[in-house]
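Structure first, then comments.
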Amino acid sequence: MLKIELEYQGKILATFETDNEQISVGRNPKNDINIDNLAVSNFHAIIRKIMNTYYIEDLGSTNGTFVNEKKVGKYELLDGDEVIIGKHSLKFSNTGSDAKDLTDFDKTVILDTKKQKELLAKNG
């Protein structure tokens, strides 16, 4: 589960916890995360979940989207990242078990099938 803390001048204004596939951020009240500030575009950015990984994408905002003080167009969010939108910040943490359930892609899965055993015996 993704946890997002909306902050302004060091004070937490709101906390969002979600498993949604898409989260919109902007000044317009129709956004999932509404930031009522004129420095924020109506539809400023979008956060998308793709295969248990979250990405933030700037939607052509006037003042840009920054992750860890670097301007981004699209960026993979990592636990602890801070996004600056206007004068506000969004702090991200992945609090759920999704990360624990992911396959370890550094390891190779060992096939244990009849066909694989035949191939190994034939070429062994």
Side-chain angles (χ1 to χ4, degrees):
M1 178 168 296
L2 183 67
K3 179 180 175 183
I4 305 169
E5 291 181 342
L6 173 63
E7 293 185 7
Y8 179 72
Q9 295 182 341
K11 295 179 185 173
I12 297 173
L13 302 178
T15 300
F16 305 90
E17 291 191 36
T18 183
D19 276 327
N20 290 352
E21 299 291 318
Q22 187 167 296
I23 304 151
S24 60
V25 181
R27 190 175 71 239
N28 189 297
K30 292 180 182 179
N31 286 288
D32 299 307
I33 298 177
N34 175 245
I35 303 174
D36 187 17
N37 186 284
L38 293 175
V40 178
S41 294
N42 275 318
F43 297 96
H44 197 102
I46 192 134
I47 300 163
R48 289 191 176 100
K49 181 180 180 183
I50 302 170
M51 300 291 294
N52 293 322
T53 301
Y54 289 94
Y55 297 86
I56 189 161
E57 182 177 351
D58 185 84
L59 298 175
S61 67
T62 302
N63 292 309
T65 300
F66 297 80
V67 178
N68 302 324
E69 299 184 1
K70 179 182 175 189
K71 188 173 184 178
V72 298
K74 185 174 182 180
Y75 184 86
E76 178 183 342
L77 292 169
L78 303 174
D79 191 44
D81 279 343
E82 180 179 17
V83 175
I84 304 294
I85 293 180
K87 296 179 179 181
H88 290 71
S89 66
L90 301 169
K91 294 199 177 166
F92 291 84
S93 59
N94 196 349
T95 62
S97 60
D98 285 350
K100 295 176 189 170
D101 294 338
L102 293 175
T103 302
D104 185 350
F105 290 107
D106 290 335
K107 295 181 181 176
T108 303
V109 175
I110 299 171
L111 293 176
D112 189 25
T113 64
K114 181 179 177 183
K115 180 70 174 175
Q116 182 69 14
K117 289 178 184 178
E118 289 172 1
L119 287 171
L120 288 172
K122 182 179 178 179
N123 294 292

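We're numbering straight along the sequence, starting at 1.
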Sub-3.5 Å donor-acceptor pair from the side chain of R48 to the main-chain atoms of Y55, do we have one? no
request  = Output, in order, the C-alpha distance, side-chain angles, deciding distance and verdict of side-chain contact (heavy atoms from CB on, under 4.5 Å) for N37 and H88.
outcome  = CA-CA 9 Å; N37 186 284; H88 290 71; 3.8 Å; yes
#### Entry: Within one Ile-Leu-Val-Met-Phe-Trp-Tyr cluster: I23 and L59, side-chain cutoff 4.5 Å
no
request  = Report yes or no: do L90 and Y8 belong to one cluster of Ile/Leu/Val/Met/Phe/Trp/Tyr joined by side chain heavy-atom distances under 4.5 Å?
outcome  = yes
When every non-hydrogen atom of N20 is compared with those of Y54, the smallest separation belongs to O-CE2, 4.0 Å
Here the pair of heavy atoms bringing I85 nearest to A45 is CD1-CB, 4.3 Å
According to a hydrophobic-cluster definition based on side-chain heavy atoms being under 4.5 Å apart (Ile, Leu, Val, Met, Phe, Trp, Tyr only), do F66 and I33 belong together?
no
I want to check something: taking the side chain as every heavy atom from C-beta on, are I46 and Q22 in contact at a cut-off of under 4.5 Å?
yes
Separation between CZ (F92) and CD (E5), nearest 0.5 Å, reads 11.0 Å
Rounded to the nearest 0.5 angstrom, the CG-OG1 distance for L38 and T62 is 11.0 Å
Distance col, row I50:CD1 vs E76:CD, nearest 0.5 angstrom, shows 10.0 Å
Item checked: Sub-4.5 Å side-chain heavy-atom contact between I47 and I4 -> yes
Closest heavy-atom pair, N34 versus L6, reported as atoms and distance to 0.1 Å, is O-CD2, 4.3 Å
To the nearest 0.5 Å, atom CD1 of I84 lies from atom OG of S89 at 5.0 Å
Of all heavy-atom pairs linking K71 and G64, the shortest is CE-CA, 4.1 Å
Rounded to the nearest 0.5 Å, the OG1 atom of T65 sits from the CD1 atom of I56 at a distance of 5.5 Å
Distance-only side-chain donor-acceptor flag, D81 / N68, under 3.5 Å: yes
| said: According to a hydrophobic-cluster definition based on side-chain heavy atoms being under 4.5 Å apart (Ile, Leu, Val, Met, Phe, Trp, Tyr only), do L13 and F16 belong together? | reply: yes
Any side-chain heavy atom of H44 sitting closer than 4.5 Å to one from I35?
-> no
Exercise for the section: State, with a plain yes or no, whether a side-chain heavy atom of K30 is found less than 4.5 Å away from one of N42. Expected result: no
Shortest non-hydrogen pair, T18 vs M1, comes out as O-CG, 3.5 Å
Rounded to the nearest 0.5 angstrom, the CD-NZ distance for E21 and K49 is 5.5 Å
Quiz item: Taking side chain as C-beta onward, heavy atoms only, is L77 less than 4.5 Å from V83?
Solution: yes
